[in-house]
Structure formats: C-alpha cells, structure tokens
Chemist: 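Structure provided below as structure tokens; questions to follow.
Computed from heavy atoms alone, side chains included, the values below leave out hydrogens, waters and symmetry copies. Note that the numbering runs from 1 along the sequence shown for the chain. Everything numeric here is computed off the predicted structure, so don't read it as measured data.
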Amino acid sequence: METTKLSINRTRLLETINISSKIGEIDNGGLNRLALTHEDKLMRDQFCEWLIAENLEVRVDDFGNIYGRRPGRKNNEHALAIGSHLDTQPCGGRYDGILGVLSSLEVIRVLNEHNIETDYPIEIINFTNEEGARFSPPMLGSGGVAGVFTKDFIYNLKDTNGVTFEEALKEIGYMGDEENRIKSVKRFIELHIEQGPILERENKTIGIVEGIQGMSWLTVKVIGESNHAGPTPMENRKDPLVISSKMITLINGLTREIEGLKTTVGKLNVSPNVANVIPGEVEFTVDIRHQDDEIRNDAIERLKEQLSTIAFLHQVELTIQTPWNSNAVTFSPLITNVISETAEKLNFSSKRMYSGPGHDAKYMSYLGDTGMIFLPSINGVSHNVFEKTLEDDIEKGANLLLSVTLSLSTENEYVGSE
C-alpha cells in the first residue's frame, strides 16, 4: 500500500482533540493544564487509556515521560519516535504540543486498523513539563532523557509554592523507572503548531522546520535608591525603574540593528512596588533568540556593554546573570527532505523555516535524526486561549505525519541523502 494513499480519520482525530480540550478547560476555550497538576494527571490517565486500547506497550520513566511502543518486525532495532507534550500554559490554547501527541495517536490507530507492520518499532511519547510554566526551565522531560539536565537538578526544581518536581511527580502517581527512558532512537518527528504568523501570512500549509533558534535568558538587576515620592526632588533621584525603561528601550532597538535577532522583556519585578515610594530595585528578564549562535552571543555582549554604560551614567548598581542558555540546533537533512518530498507528493504547499520557540525535538536531536512539521497558527497566536489551527490544516498535518512515519519506519522505503 502506498503511504500517500493512507488517510487519517478526521472525525476521530477531532473528537480526540475535543476530549482533551475538556480537561483543564478555562474560559474562551483555553486550557490550564500545568505540568504535574491534577489536570495534567487526568489528561495523562486518558492518554494511557488510549495507548492501552491500541495494544501498545505503555511505560513511564523517572521524569514522568509516557511512552507507548508499537513493535516492528525488527523489534530490537532503534525505534522511530513521534510525539510532543500535553501540558499547557496557565492560559494556554488547545493545540500547542497537544496536536503533536494526539496526531501521533491517530497515526497509530490508522496503522492498527490496516494491520500494517513496520520494520522498526514506533514509540509515541508525551514529554513532561515542556512548557516550563510550572517548573523552569522548559523541556525538562526531553532534556532529562537527552542528558541535558541531571536527575538531581530536575527533581529539586520548585514551583512558586515551593513544591519540588519530585514531590509533584509522586503526588500524581507518575513517578516511573529510570530504566524506562527511551534510549535507542533512530529518528524523531514532532508535529506542532507554528506559534507564529509566517505560514498563514504566506498561505502555506506545512512548515518544514530546519532547526531551532538558539536562546538565552538574561536576568538584569538595577539597584538605585528608594525614597518618598513627595519630598524627593527629581534631580536627586536614582530611580531604577526609569533607568530600566531606558535599558529596555535600548534592548528593543538592538533588534533593528541585527537582522533576525529577537528580544523580549517579559518579566519585571519592582521593589517595594508601592505607589508613593520611589523604587529601590528593579529586576527584569531578557529573552534573546537567533538561529546563529555566534550572532546571538555577540548581541549579548553588546547588550551587557551598553546596559553597563547606562548604569554608570546614572550611578546605579547593575548585575547581569545568564540563568539559561540553549544553543541553536539544526535538524537532520534526511528528515527534512523526507518531509518536504512527502508534502509535495500530497500536494501540500510548504515552506522551509526555523523555529523561534524551543521544542522537545531540540533535545531529541541529541539522540537521533530529528525533524519537525509545523502547521499554521491563525494570526500567529499561541500561549493564549485564542490559539487556533484550522481543522483542514490539522487533517493535512496528521496525514503528512502518517506518511512520513510510514516512510521512516520501513526499511528501504526512503533512501535519502544527507
């Protein structure tokens, strides 16, 4: 049977997505399903039921990652892995990551319905805490199995209530065994929404992701002098909030000087944060991204120098730390070529692109050949209750994932060139 002739069951896939969308549902159709919460547990329980119904070998590792294994003719060979994550932001959408897991489930269902035996085993995966909304940094489940983060580091991370990752994992009953981690991965494919406006703007159905931008987080602390808002003359003030605003304006301006650079100041803490008191201390974060690590690192050094100059001129203290740094990743040309050629056979318009956000595929690329499929996000909205991907695009993306999965799990089905 030609792989491009098989089709997913659109009605079933959409109903599966609808069931997911009821777990942790909030206003306006969004989801609040933070990692290792009660809502996450309910979704995990449902996901495991679906895996068992498809006669998959279900296991959970020590990071809470859930695997469903479908054996192949060469069951002792490296597996083809597909999947993403089921956790969300506090006010997240119903597609981010979720679409990749549930489309992968639909792929398994179609293979089972048609009694198709692949050469290589297929592993469907739900990774823990991809979002990083409860435990930071993000992508802990995939980073753990890839060896990016140690077990002790992950287990001792705390949420805002002081609950550790390990405690939360035990609380929801998804503390698995280290021996269950995926180890032998031949290839990994992740389907995901774009989370940006490019595909919709260019009227493309499929994004062929060539890699993921490198990113760094800077924590900038500016210490001035706190005082009473009434009697303190303006010329005598060392207001760290005013000075921080100048720094933030400079940071944003740098993106106009360096092509492809993206900077975001998304978190700001002001102390003492009282209406009639001049702040004494301001701390803000800077998210910096670029697909070229050298350009990103040069931009960081420029920022540090320029922020230090502003601090010196205004006679305030400045400290800059880098709590998180993640280098850019280039995906396997073999995988991207398979995705590209399959999309062409299916008559799906496509565009090669880099991902701005990080994804589990980033760390899975350390274990085997990896690629990603993007689907359009309406108005580029994501991490938002109004996140939307059209049903027609979901169907096309799932069909592409099905065909690519069959190609890459069948020996000699595709002979690509690196």
Side-chain angles (χ1 to χ4, degrees), residues 20 22-26 30-52 58-68 83-93 96-98 100-101 123-183 217 219 266-267 269 283 285 321-326 357-360 362-364 366-367 383:
S20 163
K22 300 299 181 184
I23 302 175
E25 184 178 20
I26 57 178
L31 290 175
N32 181 1
R33 204 158 66 205
L34 299 184
L36 309 186
T37 58
H38 175 68
E39 291 77 17
D40 187 30
K41 170 183 167 50
L42 293 178
M43 185 65 237
R44 287 165 170 267
D45 291 346
Q46 176 63 78
F47 180 57
C48 288
E49 286 183 22
W50 284 330
L51 297 180
I52 293 169
V58 180
R59 67 187 194 280
V60 180
D61 70 19
D62 51 332
F63 300 120
N65 297 319
I66 301 172
Y67 308 87
S84 191
H85 64 95
L86 293 169
D87 66 314
T88 75
Q89 292 287 330
C91 296
D96 173 6
I98 298 164
V101 177
E123 297 250 15
I124 176 173
I125 311 176
N126 167 46
F127 290 107
T128 301
N129 195 76
E130 190 275 348
E131 292 290 1
R134 183 179 182 192
F135 298 100
S136 182
M139 302 181 293
L140 291 176
S142 54
V145 296
V148 176
F149 307 117
T150 66
K151 186 171 181 175
D152 284 344
F153 171 78
I154 293 176
Y155 273 19
N156 288 304
L157 290 171
K158 294 182 180 180
D159 67 10
T160 56
N161 294 317
V163 178
T164 68
F165 184 99
E166 182 180 15
E167 290 168 341
L169 199 59
K170 290 178 178 178
E171 177 66 25
I172 68 166
Y174 275 87
M175 169 74 80
D177 298 323
E178 183 172 340
E179 64 184 22
N180 288 337
R181 297 183 194 177
I182 191 164
K183 302 178 182 67
W217 286 355
T219 300
K267 185 177 181 181
N269 294 317
E283 183 177 278
T285 61
Q321 296 180 325
T322 308
W324 192 52
N325 186 73
S326 181
H359 298 285
D360 291 310
K362 176 183 178 69
Y363 292 145
M364 288 300 289
Y366 299 173
L367 300 180
H383 285 185

Chemist: Between CG of D45 and CD1 of I66, what distance do you get to the nearest 0.5 Å?
Modeler: 8.0 Å

Chemist: About how many Å separate CG of N156 and OG1 of T164, when rounded to the nearest 0.5 Å?
Modeler: 7.0 Å

Chemist: Mark yes or no for whether T128, through its side chain, and F63, through its backbone, hold a donor-acceptor pair below 3.5 Å.
Modeler: yes

Chemist: Roughly how far, to the nearest 0.5 Å, is the CG atom of L31 from the CD1 atom of I98?
Modeler: 5.0 Å

Chemist: By the definition side chain to side chain contact (heavy atoms under 4.5 Å, CB included), identify the one residue from E130, E39, M43, R33 that meets it with D87.
Modeler: E130

Chemist: Sort and list the pairs that fulfil salt bridge (Lys or Arg N to Asp or Glu O under 4.0 Å) and have at least one residue in residues 152-165, not counting sequence neighbours.
Modeler: R134-D159

Chemist: Restricting to side-chain contact (heavy atoms from CB on, under 4.5 Å), what partner residues turn up for D62, sequence neighbours left out?
Modeler: K151, Y155, E178, R181

Chemist: Between CG of L36 and CG of L169, what distance do you get to the nearest 0.5 Å?
Modeler: 5.5 Å

Chemist: Given side chains that start at C-beta, do those of P137 and L157 come closer than 4.5 Å, heavy atoms only?
Modeler: yes

Chemist: Per the ring-ring contact (aromatic ring centres under 6.0 Å, His included) rule, which among Y174, F149, F153, F135 passes with F165?
Modeler: F135

Chemist: Where is the tightest heavy-atom contact between A35 and N129, given as atom of each residue plus distance?
Modeler: CB-OD1, 3.3 Å

Chemist: Evaluate the side-chain proximity of I23 to R44: yes if any heavy-atom separation is below 4.5 Å, no if none is.
Modeler: no

Chemist: How close do P90 and L34 get, heavy atom to heavy atom, and via which atoms?
Modeler: N-CD2, 3.7 Å

Chemist: Under the side chain to side chain donor-acceptor pair (under 3.5 Å) criterion, do Y67 and D61 qualify, and how do the steps go?
Modeler: CA-CA 8 Å; Y67 308 87; D61 70 19; 2.6 Å; yes

Chemist: Looking at every heavy atom in both S326 and Y363, which two are closest together, and how far apart are they?
Modeler: OG-OH, 4.1 Å

Chemist: Could you measure the distance from the OG atom of S84 to the CD1 atom of I124? Nearest 0.5 Å is fine.
Modeler: 10.5 Å

Chemist: Take H359 and M364 through the side chain to side chain contact (heavy atoms under 4.5 Å, CB included) test and state the conclusion after the steps.
Modeler: CA-CA 9 Å; H359 298 285; M364 288 300 289; over 6 Å; no

Chemist: Check for a donor-acceptor pair, side chain of N126 on one end and backbone N or O of L86 on the other, with a separation under 3.5 Å.
Modeler: yes

Chemist: To the nearest 0.5 Å, what is the distance between OG1 (T88) and NE2 (H383)?
Modeler: 9.0 Å

Chemist: Please report the closest heavy-atom contact between P323 and T219, naming both atoms and the distance.
Modeler: CG-OG1, 3.5 Å

Chemist: Ion pair present between E123 and R59, side-chain N to carboxylate O less than 4.0 angstrom?
Modeler: yes

Chemist: So do H85 and M139 actually touch side chain to side chain, heavy atoms under 4.5 Å?
Modeler: no

Chemist: If you compare all heavy atoms of G141 against all heavy atoms of N65, which two are closest, and at what distance to 0.1 Å?
Modeler: O-ND2, 3.1 Å

Chemist: Between N180 and V60, which heavy-atom pair has the shortest distance, and what is it?
Modeler: ND2-O, 2.8 Å

